[in-house]
Amino acid sequence: MTQTSQTGDETGREERNERTRIERYDAVSIEPRWQARWAESGLYRTDLHDTTRPRYYLLTMYPYPSGDIHIGHWYTKTPTDALARYRRMHGYNVFFPIGFDAFGLPAENAAIKNKVNPRAWTLQNIENMRRQLRTMGATFDWDAEVVTCDPAYYRWNQWLFLQFLKAGLAYRAKAPVDWCPNDGTLAREQVEGTDRRCWRCGAQVEKRDLEQWWFRTTRYADELLDFTGIDWPEPIRIMQTNWIGRSEGGEIVFTTAPSDHHAGGEELRVFTTRPDTLFGATFMVLAPEHPLVEALTAPGRRAEVAAYVARARIATEIERLSTDREKSGVAIGAEAVNPVNGERIPIFIADYVLAGYGTGAIMAVPAHDERDFAFATRFGLPIRRVVAAPGTEGAPMTEAYIAHAADERLVNSGPYTGMPADEGGRAITAALAERGLGKAAITYRIRDWLISRQRYWGTPIPIIHCDRCGAVPVPDEDLPVLLPETVDYHGSGDNPLARDEAFLRVTCPSCEGPARRETDTLDTFIDSSWYWFRYLSPEKAGGPVDTALVDRWTPVDQYTGGAEHAVMHLLYSRFFTKAMRDIGLLHENEPFRRLFNQGQILGADGERMSKSRGNVQDPDELVQRYGADTVRLFLMFMGPWDQGGPWSPTGIGGISRFLNRVWTVAMDPHGRDAGDPEAGQLPAEQDRAAAEAALRSAAHRALRDVTADYEGFRFNTMVARLMELCNVLVRYRGTEAAGGEAWDEAVRLLLLMLAPAAPHITEELWSRRLAAAGRAPFSIHTERWPDVDPTAVVEETREVPVQVNGKLRDKVVVPADVTDADLELMVLAAPKVIAALAGKTPDRVIVAGGGRLVNLVVH
RNA sequence: GCCGGAGUGGCGGAACUGGCAGACGCGCCGCACUCAAAAUGCGGUGACCGCAAGGUCGUGUGGGUUCGAUCCCCUCCUCCGGCACCA
């Protein structure tokens, strides 16, 4: 007896275990199977020529192949993949490509450090990253892949460079670079410390002028300020606007005064936004690099001036530009003549005046400019007020007066005295213009784009230098100029290409005399400035882009990526689009119609994830433990996508449990859980019909909200809504409401809504459910996104919170279609409201938000 | 210094257009199931007072507007991002 009973128990337990094991959600076995099936069936290969459906070009910033995918890549890419799937379910022909930003410094550094070939290092990393990217279950169209270090890609960088050159959009000019006497040119990050030492040999680094290549970004300055037609986040637009930095003012011509060492009469042009303050100019400042400095310097001042110029060359950018630093400068022993009153003012050079902005020279008006004020104070120069609000004319100045008071007037300004400042400014500019001594002018902070890099691992600039013919473009038929495979990149800091004789020596295409190749390579930002166009025809041999496809498929409908690229990459991409338009390759003005900047995942320590800090989270181990769907959902659930934040795996178990519950309600509607005292019973006051109505209502309300959340990139609340719906299903599981039509519809909607975010489990459950129903269409990801049934969403009754003097006192349940007047009566009859009113009559009754809340005001 | 963004329970976060602060999840507490544990399920969980009913306080700080403010305005503080003498 005892024995039998024991055996019976054991059999029962085994049966249960057997059953749970078979039914268990096992992500690790499901996921690779579906990934293989999707790849085989070509589900995500986009037919770019299909015109039967509207196009949708979804672009995620392509990764740098650093070697390993980390959780940050998942964070940026899996929600974008969810969007791709979501759009497909809406009937769009979605193009969602991926590639690799494969040129750049890390490969070169790895080469030097580990004695590996940069190409081999990069290609191996790419291979590894492809494998890891596939584990995301993302719907990348791998057929469109672009790898920028492939000659098939970078030859078009070269071609575009030559076209830009032809169109006057590229040019060659001198520019200062960081120069080490031992190691040659250095990248900015190779200059260390405030005293500017070479990272390798420790020698003092200086600026040296080298001939370098530029793109004329300034030509598009005004057009780049125009954001009409693109839907970009306000902060990014502000950042770009500030970066371009348009300012309006005037250019005023001073002349040099004659002196005992100098005949005078040279023009000195200054740019100012405040021509109204011209009478307050008490000295002039030139940038140390200003071309006239040498000619104007008095013999007795030469030594001091030369020393100052030399010092300015070594100063770090930061040091030089720091606002806190005390002003420095020296007088050059010459004077300038103010065109408006003939006054002679001394000329200084000072490094607070920048050679690259405006004309590299300023008229200094210490009374009305902070920097000039600081300089004048330091060197004991006169400060003359020329703008004043009434009553402040004679007041001593302790700081520059900049603010614009409405009633301020010009003072000490000759014939202009008494005019409002802005009017006076216009009058002064006009008078000077008449005499040819000034004009209205606009300057920009943005500079042309310096594209030369003294680096190996990049696109060779297709130029040949000939002593007779100068800089000669490489003929089209000789493109690409291939990057030599094996060079000696282990040597000193100079560009290895410059030491490669085989690469260097070449005959001039023009005169066939001996010549040498350009050894600089292109800035890698060029690679990323047009790569999305190339995705459309990665194999195309006759040109960089297929114009017809570009016209049909761009601008990119949605671009997602980090805000750290707010200025550089996104501005260069806009420049390229306009430049490519102007040389006839395409017809759009903007590259990306809509932009979303997701946040960044930091290490658990709150710092940027990096191998050197040892705070990198490897997604592989999470995927092996929980499955890709769980990791995807967890990253989406963490918080708003644009926020990012420190990585913490805390809570991933909650997502895992959620997917298990989804599995359970989909697979086993009639099962019951031990431990629930009410298991199998409908909630009190609900019959089966009411329960089914509640199920439908919950499903359709979830659908309404989840749809809005996908549209708004609110993945965290999207997941939360799905959890709520799942919780409702769990509540009804095992009751008489389970397994019916309403139940099935709710499960179906849950799976469809979850499919973009968790593609594997939903595909598995979808196929099992349909197989059980005798059908097996593939796949859930080609299903149409469901429509909300508005009738399912309306509710019969509504709970209205009641406040007395703004404090919550009661809630009343009223019919959904109650009138304001009836609502007021019902509210006044509520017992707690009566108590709170303590016998008084309300002075005001406010029914707010269409009956959403009632507030009673009583004194 | 200037320009952006953000500060909400023990934690991640939610709150539509000015209308119930804390959805959803984590953690924690209690219970059920179990010989036991794990897993799972059920219930609770902002703070303070109270046996309870209930009350008071509460969205970085201080003020303002409003019947009503996490939300709008002003002051200040902290953190993050960008720019950094741009005349």
Side-chain angles (χ1 to χ4, degrees), chain A residues 13 20 233-239 241-243 245 247 249 270-274 277 285 317-318 320-325 327 350-354 356-365 368-372 374-375 443-447 563-564 566-567 599-600 602 606 634 637-640 642-646 648 650-655 657-658 660-661 664 672-679 705 708 714 716-724 727 730 799-808 810-811 832 835 842-850 852-858:
Chain A
R13 198 174 309 138
T20 46
E234 178 84 22
I236 302 287
R237 299 206 310 262
I238 290 171
M239 267 192 255
T241 302
N242 292 342
W243 182 268
S247 62
V270 301
F271 173 75
T272 180
T273 54
R274 297 289 306 275
T277 63
V285 186
E317 302 277 317
I318 294 164
R320 179 165 173 184
L321 300 177
S322 163
T323 333
D324 307 333
R325 195 168 64 113
K327 295 274 178 290
D351 62 10
Y352 83 89
V353 172
L354 307 174
Y357 185 79
T359 59
I362 62 157
M363 64 176 202
V365 184
H368 304 291
D369 182 281
E370 274 179 54
R371 298 150 298 180
D372 298 343
F375 192 86
T443 50
Y444 300 88
R445 212 188 70 102
I446 191 175
R447 314 287 165 82
E564 65 273 21
V567 174
Q600 200 173 28
L602 306 171
F634 178 60
F637 186 63
M638 271 175 43
D642 57 0
Q643 209 169 283
S648 163
T650 312
I652 193 169
I655 297 291
R657 282 193 281 278
F658 164 59
N660 273 300
R661 284 199 300 274
T664 306
R672 293 180 188 182
D673 291 301
D676 180 358
E678 289 169 33
D705 294 348
R714 292 183 296 268
N716 56 332
T717 51
M718 176 272 288
V719 176
R721 291 291 161 268
L722 292 177
M723 286 174 166
E724 279 180 300
N727 290 344
V730 167
E799 194 181 53
V800 178
V802 185
Q803 296 178 341
V804 176
N805 289 336
K807 289 192 176 184
L808 183 70
D810 201 0
K811 296 176 184 183
K832 285 184 198 162
D843 301 303
R844 267 180 84 183
V845 178
I846 294 151
V847 179
R852 241 182 316 173
L853 171 144
V854 177
N855 190 15
L856 307 173
V857 186
V858 62

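Numbered from 1 within each chain, the chains take letters A, B, ... in sequence-line order.
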Side-chain N or O of Q643(A) closer than 4.0 Å to phosphate OP1/OP2 of rG13(B): yes
Sugar-phosphate only, base, or nothing, as touched by N727(A) at under 4.0 Å among non-hydrogen atoms: sugar-phosphate
Same-atom distance (C1') from rC28(B) to rG18(B), integer angstrom: 36 Å
Residue closer to the 5' end of RNA chain B, I236(A) versus G645(A) (nearest nucleotide): I236(A)
Separation of rC83(B) P from Y444(A) OH (nearest whole Å): 21 Å
Sugar-phosphate only, base, or nothing, as touched by R237(A) at under 4.0 Å among non-hydrogen atoms: nothing
Atom-pair distance (CD1 on I362(A); P on rA87(B)), nearest Å: 11 Å
Sugar-phosphate only, base, or nothing, as touched by N716(A) at under 4.0 Å among non-hydrogen atoms: sugar-phosphate
Most 5' of M239(A) and T272(A) on RNA chain B, judged by nearest nucleotide: M239(A)
Minimum-distance nucleotide (side-chain atoms of R661(A) versus rA23(B), rG25(B), rG54(B)): rG25(B)
Side chain proximity check, N727(A) to R661(A), heavy atoms < 4.5 angstrom: yes
Between rC73(B) and rU17(B) - P atom distance, rounded Å: 15 Å
Nearest non-hydrogen partners of I362(A) and V270(A), listed with the distance: C-CG1, 3.6 Å
Interatomic distance, F637(A) CZ vs rA23(B) P [rounded to whole Å]: 11 Å
Atom-to-atom span, CE of M718(A) to P of rG13(B) - whole angstrom: 17 Å
Side chain of K832(A) (C-beta onward), nearest among rG54(B), rA87(B), rG19(B): rG54(B)
Selection from rC67(B), rG5(B), rC26(B) that lies nearest to any side-chain heavy atom of T650(A): rC26(B)
N-glycosidic conformation, rG9(B) - syn within 90 degrees of 0, else anti: syn
Interatomic distance at C1', rG58(B) relative to rC49(B), whole Å: 15 Å
Validation row: V802(A), K832(A) side chains within 4.5 angstrom (heavy atoms): no
Student check: side-chain heavy atoms of R274(A) and V365(A) closer than 4.5 Å: no
Separation of rA84(B) P from Y357(A) OH (nearest whole Å): 13 Å
Nucleotide nearest I846(A) (side chain, heavy atoms from C-beta), chosen from rC3(B), rA87(B), rG19(B): rG19(B)
Sugar-phosphate, base or nothing in reach of A563(A), heavy atoms under 4.0 Å: nothing
hbond_proxy R657(A) side chain to rC26(B) base (donor-acceptor, 3.5 Å cutoff): no
Rounded distance in Å - CZ (R852(A)) to C1' (rC67(B)): 16 Å
Sugar-phosphate, base or nothing in reach of T443(A), heavy atoms under 4.0 Å: nothing
Reference residue Q803(A); test side chain to side chain contact (heavy atoms under 4.5 Å, CB included); the match among L853(A), V854(A), V857(A): L853(A)
Touch class at under 4.0 angstrom, heavy-atom based, for K807(A) against every strand present: sugar-phosphate
Nucleotide nearest A720(A) when distance is taken to its side chain, options rA23(B), rG68(B), rA21(B): rA23(B)
Sugar-phosphate only, base, or nothing, as touched by E564(A) at under 4.0 Å among non-hydrogen atoms: nothing
Mutual orientation of the aromatic rings belonging to Y357(A) and F271(A) [parallel < 30°, tilted 30-60°, perpendicular > 60°]: perpendicular
Distance under 6.0 Å and angle within 45° of ring axis: K327(A) vs F375(A): no
Nucleotide rG4(B), atom P - distance to CG of D642(A) in whole Å: 18 Å
Distance between C1' atoms of rG41(B) and rA14(B) (Å, rounded): 26 Å
Rounded distance in Å - CG (L853(A)) to C1' (rU66(B)): 14 Å
Span that lies between the P atom of rA87(B) and that of rC80(B), in whole angstrom: 29 Å
Closest to the Q803(A) side chain, choosing from rG54(B), rG19(B), rA87(B): rG19(B)
Gap in Å between the two P atoms, one belonging to rC11(B) and one to rU61(B), rounded: 15 Å
Residue-phosphate contact under 4.0 Å: S648(A) side-chain N/O, rC11(B) OP1/OP2: no
Residue of the set E724(A), M723(A), M718(A) for which side chain to side chain contact (heavy atoms under 4.5 Å, CB included) holds with R721(A): E724(A)
Nearest listed nucleotide, side chain of F271(A), among rG4(B), rA87(B), rC24(B): rA87(B)
